[in-house]
**Q** 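If you scroll down you'll find the structure; I have some questions about it.
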Protein chains: 2
Amino acid sequence: MKLPPLVQAFVLHFGEMGSRWGINRTVGQIYALLYIAPEPLCADDMVEQLGFSRSNVSIGLKELQSWNLVRLLHRPDDRRDFYTTPDDIWQIVRTLVEERKKREVDPTLSILRELLMQTPGTAEERHAQDRMREMHELIELLCGWYDDVRRMETERLVQLLSMGAKVQKILEMKDRLFTLPGGRRTEKEG
Amino acid sequence: MKLPPLVQAFVLHFGEMGSRWGINRTVGQIYALLYIAPEPLCADDMVEQLGFSRSNVSIGLKELQSWNLVRLLHRPDDRRDFYTTPDDIWQIVRTLVEERKKREVDPTLSILRELLMQTPGTAEERHAQDRMREMHELIELLCGWYDDVRRMETERLVQLLSMGAKVQKILEMKDRLFTLPGGRRTEKEG
DNA sequence: TACATCTTTCAGAAATTTCTGAAACTAGAG
DNA sequence: CTCTAGTTTCAGAAATTTCTGAAAGATGTA
């Protein structure tokens with residue numbers, strides 16, 4: 001691996017973290033390299049800089065493509081494929097979350113739905129189903145929220161995130177505004 | 001494996017998803033079983049119901065304990081350890097997020113901080129560092145938000161999540177309230 | 001057509017992770 | 001102290017994942 005020390009440390013870290021993030025070392029390193037590279041890279045650049053075999057890099061790139069995490073581009077008079085990550089890091093995060101949801105959440109959601117359709121035979125099954133229902137509701141709530149948030153413009157999103165718990169203050173204010181003197185809420189609120 | 005079909009399907013699913021979630025099959029199945037079991041279980045119950053070896057279950061339970069995901073409890077006149085998950089599923093989610101952050105985000109944050117302290121030698125390193133800085137800022141923003149949110153009471157949290165993008169409406173309202181006629185913001189905002 | 005350049009596939013080697021059974025360990029009861 | 005009922009550890013077997021080199025495929029050029 002021939003990289004400036006700073007870059008190398010970054011790339012190696014992403015390789016190590018790869019396994020914790022459910023991708024492998026090669027894929028982690030390739031992505032890290034693409035992310036910090038000032039220019040698009042071709043597969044052979046990666047082979048040279050990371051020291052993996054050509055085929056390993058090829059498979060890693062396929063994997064990244066299946067995650068929609070890289071852009072493929074070409075240069076005039078050059079048959080090679082060049083790869084980059086989006087310049088906008090928020091775009092990267094959005095894609096990452098979207099894909100992880102697709103792989104890590106959606107299958108569970110659909111199994112839960114399926115199992116909740118069934119009629120429980122025993123008390124044990126009934127209890128199991130209650131527990132699954134709780135889980136299903138929670139995941140649906142989170143997904144609903146996510147589905148709203150992902151449509152927000154980045155600027156708004158940043159604004160919201162920066163506020164953190166201050167949103168709560170606003171909610172409390174809203175509650176005061178819309179709550180009748182006796183403590184009950186107005187009809188519109190729920 | 002001797003379990004009611006409904007329970008079995010659930011448990012098997014969590015086993016399969018285990019690898020995508022960075023835990024293994026055994027751990028996934030054990031947790032699923034504990035989650036839907038109406039009563040606390042001891043290790044031998046799990047051996048019987050899941051068909052793993054005793055030692056495998058033991059290691060799986062240790063792993064779950066290291067994630068703070070199970071509670072250990074004892075019965076009078078019984079030396080065995082019994083295990084459960086918290087009744088409150090929100091508590092489970094909170095723990096899960098906390099632990100994943102600890103393992104999947106914090107190490108990256110600290111490497112980034114470290115690398116950003118260094119003085120870049122070349123233009124390439126300078127560019128790499130800029131890119132790392134973007135990443136660092138984004139992660140800090142998310143962590144700051146998370147740090148606020150995790151302290152919220154569950155009821156408030158649910159309220160917030162249910163609102164989804166409606167929060168945006170409130171923000172816009174707030175903007176209107178605090179924005180001077182000319183379009184500039186008041187000093188307090190920003 | 002033959003050739004050059006680049007990419008992909010794939011069988012098997014290498015490495016890593018998971019799982020098991022046997023042995024070691026722990027702590028209360030007699 | 002010894003027995004018993006439990007838990008943990010650990011070396012190696014089994015399974016899975018990752019990685020490689022060689023071969024095949026694709027595509028543009030002469």
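In what follows, every chain begins at residue 1, and chains take the letters A, B, ... in the order their sequences are listed. Predicted model, so just to flag it, every value in this text is computed and none were measured.
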**Q** Using a cut-off of strictly less than 4.0 Å between a heavy atom of the residue and any atom of DNA chain D, enumerate the qualifying residues of residues 23-56 of chain B by number.
**A** B:R54, B:S55
**Q** Answer with yes or no whether the side chains of B:R131 and A:T85 bring together a donor and an acceptor at under 3.5 Å.
**A** yes
**Q** Kindly give the heavy-atom pair with the smallest separation between A:I36 and B:A128, and that separation in Å.
**A** CG2-O, 3.7 Å
**Q** Thinking salt bridges, do B:D147 and B:R150 make one under a 4.0 Å N-O criterion?
**A** yes
**Q** Need to verify one output field. Residue with the more 5' nearest nucleotide on DNA chain D, B:Y83 or A:I59?
**A** B:Y83
**Q** Do the side chains of B:L142 and B:Y146 join up, straight or via other hydrophobic residues, at under 4.5 Å, putting them in one cluster?
**A** yes
**Q** Under a criterion of less than 4.0 angstrom to any heavy atom of chain B, what are the 5'-terminal and 3'-terminal contacting nucleotides of DNA chain D?
**A** D:dT4 to D:dC10
**Q** Which sits closer to the 5' end of DNA chain C, B:V57 or A:L61, going by the nucleotide each is nearest to?
**A** A:L61
**Q** Hey, could you give me the CD1/CD1 distance between A:I139 and B:I89, rounded to the nearest 0.5 Å?
**A** 7.0 Å
**Q** With nearest nucleotides of DNA chain C determined for A:D78 and A:S19 from heavy-atom distances, which residue corresponds to the more 5′ nucleotide?
**A** A:D78
**Q** Is it the case that B:Q91 and B:R94 place a side-chain donor and acceptor less than 3.5 Å from each other?
**A** no
**Q** Could you tell me which residues satisfy side-chain hydrogen bond (donor to acceptor under 3.5 Å, both in side chains) with B:K62, sequence neighbours excluded, listed by chain and number?
**A** none
**Q** How is A:R79 classified with respect to the nucleic acid when contacts are heavy atoms under 4.0 Å: base, sugar-phosphate, or nothing?
**A** base
**Q** With a 4.0 Å cut-off, would you call A:K101 and A:E98 a salt bridge?
**A** no
**Q** Rounding to a whole Å, what distance do you find between A:R75:CZ and C:dC6:C1'?
**A** 15 Å
